[in-house]
Structure formats: structure tokens, C-alpha cells
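Since the structure is predicted, the reported quantities are computational estimates derived from the model, not experimental observations. Residue numbers start from 1 in every chain, and the chains themselves are labelled A, B, ... in the order their sequence lines are given, proteins ahead of strands.
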Protein chains: 2
Amino acid sequence: MESTFTINGRIWLEKDGEKVLGHGRVELLERIHNSGSIRQAALQMKMSYKQAWDIIKHMNTHFSSPVVIPQRGGKGGGSALVTENGLNIISEFHQLQEKLKKFLEVNSVNIAY
Amino acid sequence: MESTFTINGRIWLEKDGEKVLGHGRVELLERIHNSGSIRQAALQMKMSYKQAWDIIKHMNTHFSSPVVIPQRGGKGGGSALVTENGLNIISEFHQLQEKLKKFLEVNSVNIAY
DNA sequence: TATCATTATATTTTAAAAAATATAACGCTC
DNA sequence: GAGCGTTATATTTTTTAAAATATAATGATA
């Protein structure tokens with residue numbers, strides 16, 4: 001009898017030992033960027049608006065400059081914009097993800113216990 | 001104003017998309033190996049015996065051969081032994097951890113947003 | 001055979017997390 | 001200025017996870 005396993009992994013950004021950015025938060029940022037709305041992004045990811053808003057508040061205060069600028073009232077009731085800084089962070093994280101993917105591929109060979 | 005971040009990460013072994021072995025489980029195995037007792041290992045890690053036992057049961061059924069052989073009754077009330085397979089898995093995981101550590105070090109330079 | 005500390009398991013209780021609900025503020029549009 | 005859909009926030013309810021508790025089974029040892 002033989003069993004094979006795969007190695008998987010995750011990376012994230014920390015500040016003072018606290019998680020600030022990871023897989024899920026990047027996806028949230030991307031969906032806000034595409035929809036222009038925190039609420040729509042949250043709906044797409046099946047999370048509550050509160051949860052999404054808490055995350056954004058946390059990120060906005062932990063990066064040197066905000067990653068999302070929300071605006072309430074006005075056309076469509078309001079909107080949310082991902083900043084240049086936010087877009088850079090998304091891009092940087094994707095590059096790291098790519099590197100991790102390669103790392104996992106290289107080390108995933110022939111593991112059977 | 002400048003902020004610096006560190007990249008951190010975790011790796012684990014999966015079987016059919018399900019987590020089978022990670023950081024915490026390896027530590028549990030090591031403590032069982034050193035103490036010869038599931039209960040003592042659980043106490044050391046401040047987890048309930050049930051939690052530890054569930055983990056061991058899960059691992060024993062997901063690897064090709066058991067990683068822990070528990071024995072109840074007898075001298076001292078019972079004991080638990082980490083198998084050769086279990087020890088190999090611990091060793092292999094440590095090697096992977098080392099590689100990840102290097103990966104993180106290499107990619108952790110100059111990230112500031 | 002009584003004792004012991006452990007393994008093994010079920011059940012109950014507690015705590016934490018998540019979800020749901022409610023409400024206000026906002027500012028463009030009509 | 002009424003309506004709209006969003007942001008923003010607090011509160012309540014529900015769900016889930018963890019912890020605690022209880023109890024049996026075990027077998028060497030004395």
C-alpha cells in the first residue's frame with residue numbers, strides 16, 4: 001500500500017508579529033477594485049459587510065498609507081476605491097505567491113509515507 | 001513615515017486536499033516521543049487530551065502506517081510510542097521547515113508600504 | 001485482587017466566532 | 001426634499017468551536 005502527499009503552504013505579511021495581509025485580504029482588495037464597492041466584494045466572497053469593513057479598517061491603519069478609500073453617499077449610494085498603494089501591494093503579493101508556488105513545486109516530489 | 005513588514009509563512013502536508021501534518025502536529029509527535037505519553041504531551045502544549053487523541057487518530061489513519069502506537073493499562077497506566085514511520089515524518093518535515101525558512105529570508109528584504 | 005495512571009469515548013458546559021439585524025449618516029439624482 | 005444604495009456602527013442572535021466533566025477499559029505491579 002502506498003500513499004502520496006503534497007506539500008502546500010501559505011505566506012503573509014506581518015507587522016510587529018501581527019498578520020496584516022494574506023491570501024484572503026488580497027482577494028478582497030481585488031474584488032473591491034473590480035466592483036468599486038465593499039459590499040459587492042463582500043457578497044462575492046460570501047462574507048458579511050462588517051467583516052470586510054473591519055479588514056479594510058485594519059489594513060488602512062497598518063499600512064503607511066490607506067489601501068482603500070471609501071466614500072459614502074452620492075451616485076449609487078457610495079463607492080470604494082483601491083489606492084495606488086493598494087494596487088502595488090496586490091502586485092507585490094502576487095509575485096511572492098508565484099515564488100512560493102515554485103518553491104512548493106520543487107519540494108513536492110516523491111513524498112510517500 | 002516608513003513602515004517595514006516581514007514575510008512569514010507555513011507549510012503542511014496534504015492528502016486529498018486535506019491537511020494531515022503541520023507545525024503543531026509535529027510538535028505533538030515530538031512531545032509524545034519524549035514523554036512516552038499522549039496525556040503529558042497534551043499538557044505540555046496546553047491542549048486537551050481529547051484534542052491530542054483526535055489528532056493522533058487522524059494521523060494514524062491517514063498515513064500508510066501508524067505514527068503513534070498507544071498502549072493502555074500496564075506499568076504507569078499506559079504509554080504511547082512514536083513509530084519509526086513517525087520519526088521519519090518528523091525528520092522530513094523539519095528539513096522542509098528549514099528550506100521554507102531560507103525561502104522566507106531570501107524574500108523578506110526591503111518591503112515597505 | 002486492589003491500585004494506579006493512562007488510553008478511549010461520550011456528554012455537558014462554556015467561550016468564542018460568526019451571522020444576522022437594526023439604524024444612522026451620507027450625498028448625488030430626480 | 002424624497003429616494004436610493006452605499007458606507008459606518010452597534011447590538012442581538014445564532015452557530016461553531018473549545019473546554020470541561022464524567023466514565024469505562026486496560027494490564028502491569030504490588
Side-chain angles (χ1 to χ4, degrees), chain A residues 10 12 17-25 27-63 65-83 85-87, chain B residues 10 12 18-25 27-63 65-87:
Chain A
R10 283 272 160 86
W12 58 85
E18 189 184 4
K19 236 178 249 193
V20 176
L21 189 88
H23 169 267
R25 293 182 173 202
E27 184 181 346
L28 183 63
L29 285 180
E30 288 175 323
R31 291 187 185 276
I32 291 171
H33 180 58
N34 289 330
S35 65
S37 161
I38 295 171
R39 178 167 298 280
Q40 290 309 311
L43 282 174
Q44 288 169 19
M45 292 181 70
K46 285 172 186 169
M47 65 168 70
S48 68
Y49 173 84
K50 173 180 169 40
Q51 207 175 341
W53 192 85
D54 284 345
I55 287 171
I56 288 161
K57 193 164 127 189
H58 186 260
M59 288 194 290
N60 274 350
T61 56
H62 280 76
F63 285 106
S65 70
V67 293
V68 171
I69 304 287
Q71 188 161 355
R72 62 181 179 178
K75 185 174 94 176
S79 64
L81 187 74
V82 176
T83 65
N85 193 39
L87 294 175
Chain B
R10 281 272 160 86
W12 59 86
E18 188 183 5
K19 235 178 252 194
V20 176
L21 188 87
H23 168 267
R25 293 183 174 201
E27 185 181 345
L28 182 64
L29 284 180
E30 288 175 323
R31 291 187 185 276
I32 291 172
H33 181 58
N34 290 330
S35 66
S37 161
I38 295 170
R39 179 167 297 279
Q40 290 310 312
L43 282 175
Q44 288 170 18
M45 292 180 70
K46 285 171 186 170
M47 65 168 70
S48 68
Y49 173 84
K50 173 180 167 40
Q51 207 175 342
W53 192 84
D54 284 345
I55 287 170
I56 288 161
K57 193 164 128 188
H58 187 260
M59 288 195 290
N60 274 349
T61 56
H62 280 76
F63 284 105
S65 70
V67 292
V68 172
I69 304 286
Q71 188 159 358
R72 61 180 177 176
K75 186 175 94 175
S79 64
L81 187 75
V82 176
T83 65
E84 201 65 32
N85 193 39
L87 294 176

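The CD atom of E27(A) lies 11.0 Å from the CD1 atom of I32(A); values are rounded to the nearest 0.5 Å. The CD atom of E30(B) sits 9.5 Å away from the CE atom of M45(B) when rounded to the nearest 0.5 Å.
Here the shortest heavy-atom pairing between A80(A) and I38(A) reads CB-CG1, 3.7 Å.
Distance M47(A) CE to dA17(C) C1': 14 Å, rounded to the nearest Å. Distance I32(B) CD1 to dT6(C) C1': 13 Å, rounded to the nearest Å. Computed from coordinates, the I55(B) CD1 to dT7(C) P distance equals 14 Å when rounded to whole Å. If you measure from atom CD1 of I69(A) to atom P of dA8(D), you get 10 Å, rounded to the nearest angstrom. Rounded to an integer number of Å, the gap from Y49(B) OH to dT6(C) P is 10 Å. Atom pair K57(A):NZ and dT7(D):C1' shows a separation of 12 Å (rounding to whole Å applied). As rounded to whole Å, 17 Å separates atom P of dA8(C) from atom NE2 of H58(B). Rounded to whole Å, atom P of dT6(D) lies 15 Å from atom CZ of R72(A).
Under the side-chain hydrogen bond (donor to acceptor under 3.5 Å, both in side chains) test applied with D54(A), the options Q51(A), K57(A), H58(A), K50(A) reduce to a single match, K50(A).
Within the 4.0 Å cut-off from OP1 or OP2 of dA8(D), at least one side-chain nitrogen or oxygen of W53(A) is found. A sub-4.0 Å separation between OP1 or OP2 of dC28(C) and a side-chain N or O of Q71(A) is absent. At dA18(C), none of the side-chain N or O atoms of Q51(A) fall inside 4.0 Å of OP1 or OP2 (strictly under the cut-off).
Residue Q71(B) places its CD atom among 12 or fewer non-hydrogen atoms of other residues, nucleotides or ligands, all under 6.0 Å distant.
The listed nucleotides are dT7(C), dT29(C), dA28(D); the one nearest the side chain of K75(B) is dA28(D). The side chain of K50(B) lies closest to dT11(C) when the candidates are dA10(D), dT7(C), dT11(C). Counting only heavy atoms from C-beta on, S37(A) has its side chain closest to dT6(D) among dT9(D), dT6(D), dT9(C).
Nearest-nucleotide assignment on DNA chain C puts the 5′-proximal partner with S48(A), out of G77(A) and S48(A).
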